Asks: 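Got a structure for you, questions after.
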Amino acid sequence: MARRNEEVEALLGEYADLIAITGGDAFKARAYEKAARAIGGHPADVSGLDADGLMEIPNVGRSIAEKVLEYLRTGKVAAVEERRARIPDGVRELIAIPTLGPKKALRLYEDLHISSVDELTAAIEADALADLKGFGEKTQENILHGIRLLRQAGDRIPVHLALDTAEEVLAELSAVTGCESSAYAGSLRRMRETIGDIDVLVAAGRSAPFMDALVSMPSTAEVIAHGEKKTSIRTHKGVQVDLRVLPPRSWGAGMQYFTGSKAHNIRTRTIAVREGLKLSEYGLFDTRSGKSLASRTEEEVYARLGLPWIPPALREDRGEIEAALRGELPEILTERDIRGDLHTHTDLTDGLASLETMVEAAARRGYAYYAVTDHAPNLYMQRMTDEKILAQRERLRELDGTRRRMRLLHGTELNIGPDGEVDWPGEFLAGFDLCVASLHSHFDQDRRAMTRRLVRACENPYVNVIGHPTTRLIGKRPGVDADWDEVFAACARTGTALEVNAQPDRLDLRDEDILRARRHGVRFAVNTDAHSVLHLAHLRYGVGTAQRGWLTKDDVINTWTLTRLRRFLRKSGRN
DNA sequence: GCCGTTTTCGGCCCGACTGTTTTCAGTCG
């Protein structure tokens with residue numbers, strides 16, 4: 001059963017938004033935001049906690065604990081219902097538009113009764129905002145741009161939400177009598193960064209029990225289709241799940257077919273046709289005799305086509321067929337290859353958990369080493385000081401090697417300023433085991449300035465990793481504009497690694513950028529940028545993205561032994 | 001609303017950017 005923390009987080013987040021929109025105390029709104037985040041990142045399921053247990057979660061006091069209990073008991077919170085009655089749901093949608101916050105949303109609602117993104121678009125197109133205070137030409141342009149960005153993501157959902165849903169569905173279906181195999185396929189299996197529908201496959205003799213189990217799951221909100229071969233539902237979270245039940249002998253062919261991609265399948269079918277064969281979701285057949293030649297496993301199907309099994313993340317027709325035919329498929333990275341996380345936070349800055357808690361959790365993952373990289377002083381809101389980071393270093397050295405012999409590296413996440421400068425002078429940076437450096441502001445510099453800025457950061461002898469290099473947020477913010485080939489060349493030349501940030505809303509670098517950077521000989525670090533214990537598990541999305549970028553163990557510095565990693569971290573030009 | 005080796009009030013994530021109301025409110029990281 002899924003944890004209920006996410007629902008509670010969403011509810012408290014909504015309440016915070018409603019407070020902000022209705023002009024309530026800004027600190028109160030922030031208190032709810034903080035509590036929402038803390039509950040979302042809390043390792044224990046809140047539905048198993050009493051008031052005292054809840055109040056042990058940071059930023060959760062008596063009042064919020066009682067609201068959580070009220071919600072878990074009744075499914076509702078009176079205070080939230082009261083605010084909901086004052087503000088239509090659509091008004092809250094508006095603040096998802098970048099550059100449009102609670103104040104502007106309220107004005108649109110009160111003055112023009114706009115309560116949805118569609119109504120807002122129509123109003124701007126009808127020039128109905130002209131007389132509204134604070135909505136000049138440029139503001140309207142920015143809002144339209146924001147709406148376009150939102151729409152670009154379309155109906156696709158982030159990969160982690162899709163995976164949670166898929167695992168929930170599979171847990172249900174695999175328990176049904178007669179289930180021989182079950183798995184998700186489609187773009188989720190290929191680990192694309194966003195997912196349209198979730199394709200779930202079951203191998204069984206009879207399909208009806210599985211179709212019935214899917215439509216009667218508690219999380220099913222709507223049945224789109226309910227047939228013998230295929231059933232589609234939509235969950236309460238708005239995710240569409242398509243279930244197909246195959247005869248067990250067709251399992252491999254079905255997985256191959258429904259995993260895609262379309263382009264990859266066109267290639268495999270073309271190979272089949274040339275050999276006088278026909279490939280479908282039921283198997284690989286001899287065209288003339290109709291005899292089935294392979295279907296039970298994917299390996300058999302690929303083998304009969306003269307190909308080795310191709311990892312799903314590569315199945316995009318980006319050269320994997322050719323590489324497979326030549327016997328040159330890369331041995332791509334796996335999650336097991338990762339020996340440590342090199343970008344993580346603690347509650348010394350904006351993380352949720354203490355140094356000790358994060359280290360303990362990392363050790364439980366079996367890491368050989370682990371870097372703590374809290375924010376540096378130039379990100380003013382984090383209030384970092386020399387004293388604080390040095391005190392952390394001292395504590396970290398005490399903990400080093402004490403948790404399952406995991407070694408600790410003391411690092412920091414520096415801020416790359418507009419001219420490529422970073423927080424501390426070289427002599428102070430020399431005290432860190434590694435430095436990640438990332439962009440946190442001035443995202444709209446022109447290409448030349450941005451390129452220069454990133455290259456300068458690479459040239460800093462103490463900067464080892466560029467964190468979330470393009471700084472995009474999926475569905476919210478495009479990446480910065482730079483001459484990436486020049487940046488990648490600078491990384492390769494200076495021995496600076498590029499991060500594959502595993503946060504599901506970042507996945508930055510993305511797959512295409514990785515492919516391009518790799519051709520320059522760049523090294524990579526697949527990091528979670530964890531701000532809580534739970535985030536450490538997001539590594540799988542970073543690994544998936546790295547796989548889509550064809551990365552091997554050798555390309556990724558945090559698969560290396562500590563000795564080799566340390567050698568890499570000592571860049572030339574250091575004192 | 002939460003929190004306290006400042007402990008029951010008075011702080012709380014600070015500063016920059018943007019557009020526009022032209023002196024500052026709103027938004028963002």
Side-chain angles (χ1 to χ4, degrees), chain A residues 11-39 51 54-68 70 77 79-80 83 94-108 111 129-146 149 345 347-352 374-385 388 391 413-419 423 438-445 467-468 470-473 476-480 501 503 505-506 508 529 531:
Chain A
L11 181 84
L12 297 178
E14 179 188 348
Y15 191 49
D17 285 347
L18 290 173
I19 293 168
I21 294 169
T22 51
D25 178 8
F27 288 113
K28 185 168 154 180
R30 187 175 296 163
Y32 276 96
E33 266 170 39
K34 285 199 289 195
R37 217 163 70 86
I39 288 174
L54 287 167
M55 284 166 68
E56 275 173 29
I57 302 173
N59 303 307
V60 177
R62 172 79 46 199
S63 173
I64 292 182
E66 276 167 8
K67 288 190 176 71
V68 173
E70 182 187 347
V77 176
V80 179
R83 299 254 179 183
L94 298 180
I95 67 175
I97 301 169
T99 73
L100 205 163
K103 297 289 187 295
K104 284 197 163 81
L106 184 65
R107 179 158 299 155
L108 287 167
D111 292 5
L129 268 54
D131 297 330
L132 202 58
K133 258 190 164 183
F135 288 84
E137 198 181 327
K138 188 72 198 188
T139 298
Q140 296 190 35
E141 218 174 89
N142 287 341
I143 290 174
L144 283 179
H145 179 66
L149 280 175
H345 296 272
D347 60 5
L348 185 62
T349 56
D350 56 353
L352 288 170
D374 272 312
H375 289 288
N378 290 359
L379 206 61
Y380 301 103
M381 62 185 186
Q382 305 295 348
R383 301 179 146 184
M384 181 53 80
T385 62
K388 279 161 83 174
E413 181 182 10
L414 301 167
N415 180 59
I416 304 176
D419 296 319
D423 305 62
S438 321
L439 304 172
H440 297 104
S441 63
H442 302 84
F443 302 136
D444 48 9
Q445 284 180 326
H468 46 74
T470 77
T471 313
R472 68 152 177 179
L473 291 175
K476 278 201 187 140
R477 186 173 70 203
V480 299
N501 187 296
Q503 286 191 40
D505 60 342
R506 289 192 186 273
D508 181 13
D529 193 0
H531 285 68

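This one's a predicted model, so the numbers in the text were calculated from it and none came from an experiment. Order of the sequence lines fixes the chain letters, A, B, ..., with proteins taken first and strands second; residue numbering starts at 1 for each chain.
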Asks: Using atom CZ of A:Phe443 as one end and atom P of B:dC28 as the other, report the distance to the nearest whole Å.
Replies: 12 Å
Asks: With a 4.0 Å limit, can you tell me whether A:Ser441 has a side-chain N or O closer than that to the phosphate oxygens OP1/OP2 of B:dG15?
Replies: no
Asks: Using the C1' atom on both, measure B:dC9 against B:dA16 and round to a whole Å.
Replies: 31 Å
Asks: Check the distance between B:dG29's P and A:Leu414's CG and give it to me in whole angstrom.
Replies: 20 Å
Asks: Rounded to the nearest Å, what distance is computed from the CG atom of residue A:Asp25 to the P atom of nucleotide B:dG1?
Replies: 9 Å
Asks: Using the C1' atom in both, what is the distance from B:dC3 to B:dT7, to the nearest Å?
Replies: 9 Å
Asks: Need one value for A:Leu100: base, sugar-phosphate or nothing, where a base atom within 4.0 Å counts as base even if backbone is also close, heavy atoms only.
Replies: sugar-phosphate
Asks: Which atom names give the shortest non-hydrogen contact between A:Asn59 and A:Ala35, and what distance separates them?
Replies: O-CB, 3.4 Å
Asks: Do you know the tightest heavy-atom contact between A:His440 and A:His375?
Replies: NE2-CE1, 3.9 Å
Asks: If I take atom CG in residue A:Leu12 and atom C1' in nucleotide B:dC2, what distance separates them, rounded to the nearest angstrom?
Replies: 13 Å
Asks: Between B:dG1, B:dG19, B:dG15, spot the one nearest the side chain of A:Lys67, thanks.
Replies: B:dG1
Asks: What integer number of Å spans the P atoms of B:dG11 and B:dT6?
Replies: 16 Å
Asks: What nucleotide, of B:dG26, B:dC2, B:dT20, holds the atom closest to the side chain of A:Thr139?
Replies: B:dT20
Asks: When we call it a touch if two heavy atoms are under 4.0 Å apart, what does A:Gly134 touch: a base, just sugar-phosphate, or nothing?
Replies: base
Asks: So, is A:Asn142 close to the B:dG19 phosphate, meaning a side-chain N or O under 4.0 Å from OP1 or OP2?
Replies: yes
Asks: Think A:His442 has a side-chain N or O under 4.0 angstrom from the OP1 or OP2 of B:dA16?
Replies: no
Asks: Compare every heavy atom of A:Lys104 with every heavy atom of A:Gly134, then report the nearest pair and how far apart it is.
Replies: O-CE, 3.5 Å
Asks: Does A:Lys28 have a side-chain nitrogen or oxygen under 4.0 Å from the phosphate oxygens OP1 or OP2 of B:dG1?
Replies: yes
Asks: Does the A:Asp508 side chain pair with the main chain of A:Thr470, one donor and one acceptor, at a distance under 3.5 Å?
Replies: yes
Asks: Does A:Phe443 have A:Arg477 sitting over its ring (NZ/CZ under 6.0 Å from centre, angle to axis within 45°)?
Replies: yes
Asks: Taking atom P of B:dG15 as reference, at what distance in whole Å does atom NE2 of A:His375 sit?
Replies: 17 Å
Asks: Pick the C1' atom in B:dC28 and in B:dC13, then give their distance to the nearest Å.
Replies: 12 Å
Asks: Check whether any side-chain nitrogen or oxygen of A:Arg30 sits under 4.0 Å from OP1 or OP2 of B:dC2, and answer yes or no.
Replies: no
Asks: Using the P atom as the reference point in each nucleotide, state the distance between B:dT20 and B:dG26 in Å, no decimals.
Replies: 14 Å
Asks: Applying the Watson-Crick and G-U wobble criteria at under 3.5 Å, what pairs with B:dG29? Answer none if nothing qualifies.
Replies: B:dC14
Asks: Rounding to a whole Å, what distance do you find between A:Phe27:CZ and B:dC12:P?
Replies: 7 Å
Asks: Base, sugar-phosphate, or nothing: which does A:Asp444 touch, judged by heavy atoms less than 4.0 Å apart?
Replies: sugar-phosphate
Asks: Between A:Leu132 and A:Thr99, who's closer to the 5' end of DNA chain B by nearest nucleotide?
Replies: A:Leu132
Asks: Relative to the 5' end of DNA chain B, which residue comes earlier, A:Lys138 or A:Tyr380, by the nucleotide with the nearest heavy atom?
Replies: A:Tyr380
Asks: Using the C1' atom on both, measure B:dT23 against B:dC17 and round to a whole Å.
Replies: 15 Å
Asks: Measure CD/A:Glu137 against P/B:dT18 and give the value in whole Å, please.
Replies: 17 Å
Asks: What closest approach, in Å, do A:Gly467 and A:Ser438 show between heavy atoms, and which atom pair accounts for it?
Replies: CA-OG, 3.5 Å
Asks: Could you state the CG-C1' distance from A:Asn59 to B:dC3, rounded to the nearest angstrom?
Replies: 9 Å
Asks: Would you find a donor on one side and an acceptor on the other, under 3.5 Å apart, between the side chain of A:Arg472 and the backbone of A:Val480?
Replies: no
